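Heavy atoms only: backbone and side chains are in, while hydrogens, waters and symmetry mates are out. Whatever order the structure lists them in is the order used to number ligands and atoms, beginning at 1. Please read all numbers here as calculations on a predicted model, not as lab measurements.
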Amino acid sequence: MSKQPIGIFDSGVGGTSIFKEIHALLPNENTIYLADSVNAPYGSKGENKIIELSIKNTALLLDKGCKLIVVACNTATTNAISVLRAAYDIPIIGIEPAIKPAALQTQTKTIGILATKGTLSSALFHKTLDLYGHHITIVEQVGEGIVQLIESGKTQSPEMSELLRLYTKPMLEANIDYLVLGCTHYPYLIPELLEILPNHVKIIDSGQAVARQTKVILEKQELLNTITLKPKNEFYINIKNTEVMQSLLGDTFNVEYLMF
Ligand code: DGL
């Protein structure tokens, strides 16, 4: 069982930022990544649709023999993880905006959160907010349009710069000192954000925490792949244009088209 792959899915190419963290921490693991780009963005869909798509992706990864699933999508996690965990018997790890570390460390008592509409309106997000964010000011911002630009290869573009300036403006006016990236597409925007944000604003995302949690769970369940053969890292996307995902991953990995 430990040789079986870790399954990772996202609404599209953004969850590759999470794959990279997992691969860096667990280089021996076989992995299968699904980018459901046909249905991206999930963030503007209703809860039922997000649950339906998350079940479809999980079922496909289980068909391919995955031993553990990483939901590399904040929107899918905050809307569907409890349904997935109830439906399937294997470990399922999700990703949520890193409100807790930002809320614990903020000096200005004000943090910004950039995420999708689906994440910001979810019950799980509000629960986390109540737990950790009640003593501080939180400036929430829906990242409308960002995922579409990244999916179409416009991560660095004038349109993206304009959106990021627009979305961070109210946060800076409110004097945030932490910006939480609540979508797995957004770590690809860090170079651009560093240009826009003043030096004292720190950017947090949850990628490394998810990788650490994956390791902890694999260890606990004795599922860690200790065989040091060259691991297989497979990537599937359900649109014919594989270039955007390929460019985010670099030449070491090969992205294939798969209808699902
Ligand atoms: N990567 C997804 C997330 O973390 C993007 C959601 C979307 O497709 O809108 O939320």
Side-chain angles (χ1 to χ4, degrees), residues 7-22 33-58 61 69-84 92-99 102 112-126 128-129 140-155 160 163-164 167 179-190 193 203-211 213-214 235-239 244-245 248-249 255 260:
I8 305 168
F9 78 83
D10 179 35
S11 62
V13 299
T16 51
S17 66
I18 306 303
F19 159 76
K20 288 177 187 176
E21 299 291 358
I22 292 172
Y33 182 98
L34 293 185
D36 188 17
S37 291
V38 157
N39 292 300
Y42 281 13
S44 49
K45 295 181 165 53
E47 188 184 25
N48 288 343
K49 187 69 190 171
I50 297 168
I51 290 173
E52 181 194 314
L53 294 169
S54 300
I55 288 175
K56 179 198 72 171
N57 299 332
T58 305
L61 288 168
I69 303 291
V70 176
V71 183
C73 176
N74 291 259
T75 311
T77 300
T78 51
N79 285 273
I81 197 131
S82 55
V83 177
L84 296 178
I92 300 182
I93 292 175
I95 182 163
E96 279 187 78
I99 299 170
I113 300 181
L114 190 61
T116 69
K117 185 165 161 257
T119 294
L120 295 176
S121 61
S122 68
L124 186 56
F125 175 77
H126 283 106
T128 310
L129 213 56
E140 294 177 24
Q141 176 66 54
V142 174
E144 189 69 52
I146 293 180
V147 166
Q148 292 94 319
L149 284 178
I150 295 175
E151 289 288 319
S152 57
K154 292 183 179 165
T155 304
M160 186 67 88
L163 282 186
L164 294 180
Y167 293 160
L179 170 62
V180 177
L181 301 183
C183 170
T184 56
H185 282 68
Y186 300 171
Y188 288 113
L189 305 173
I190 290 175
L193 284 165
I203 301 171
I204 303 199
D205 67 75
S206 319
Q208 288 182 359
V210 168
Q213 177 67 0
T214 304
F235 297 87
Y236 299 106
I237 186 165
N238 54 8
I239 54 166
V244 173
M245 187 154 143
L248 293 176
L249 281 165
V255 180
F260 66 92

Checklist entry - Would you find a donor on one side and an acceptor on the other, under 3.5 Å apart, between the side chain of Asp36 and the backbone of Asn57? => result no
Checklist entry - Between Thr75 and ligand 1, is there a nitrogen or oxygen pair with a distance under 3.5 Å? => result yes
Checklist outcome for this item: Tested for side chain to side chain contact (heavy atoms under 4.5 Å, CB included) against Leu114, the lone hit among Thr119, Leu120, Val180, Ile146 is Ile146
Checklist entry - Taking distance alone, with no angle check, do Gly43 and ligand 1 share an N/O pair under 3.5 Å? => result yes
Item to check | Proximal ligand 1 atoms for Thr116, defined as those under 4.0 Å from one of its heavy atoms | outcome: 6 (C), 9 (O), 10 (O)
Checklist entry - Would you call Cys73 a ligand 1 contact, heavy-atom distance under 4.0 Å? => result yes
Next on the checklist: I'd like to check which ligand 1 atoms, numbered from 1 as shown, lie under 4.0 Å from a non-hydrogen atom of Asp10.
Outcome noted: 1 (N), 2 (C)
Checklist entry - Which protein non-hydrogen atom lies closest to atom 7 (C) of ligand 1, naming both residue and atom, and how far is it? => result Tyr42 N, 3.2 Å
Checklist entry - So, Ser11 side chain and Pro41 main chain: donor-acceptor pair closer than 3.5 Å or not? => result no
Next on the checklist: Which of the numbered atoms in ligand 1 are under 4.0 angstrom from any heavy atom belonging to Ser11?
Outcome noted: 2 (C), 5 (C), 6 (C), 7 (C), 8 (O)
Next on the checklist: Strictly distance-based, threshold 3.5 Å: is any side-chain N or O of Lys45 a donor or acceptor partner for the main-chain N or O of Leu53?
Outcome noted: no
Next on the checklist: Under 3.5 Å, is there a donor on one side chain and an acceptor on the other for Tyr188 and Thr16?
Outcome noted: yes
Item to check | Thr77 side-chain N/O to Glu96 backbone N/O, donor-acceptor pair under 3.5 Å | outcome: no
Next on the checklist: At less than 4.0 angstrom from any non-hydrogen atom of His185, what atoms of ligand 1 do you find?
Outcome noted: 1 (N), 2 (C), 5 (C)
Checklist entry - Quick check: does any side chain N or O of Asn79 sit under 3.5 Å from a backbone N or O of Ile51, one acting as donor and the other as acceptor? => result no
Checklist outcome for this item: Numbered in order shown, the ligand 1 atoms found under 4.0 Å of a heavy atom of Pro41 are 7 (C), 8 (O), 9 (O)
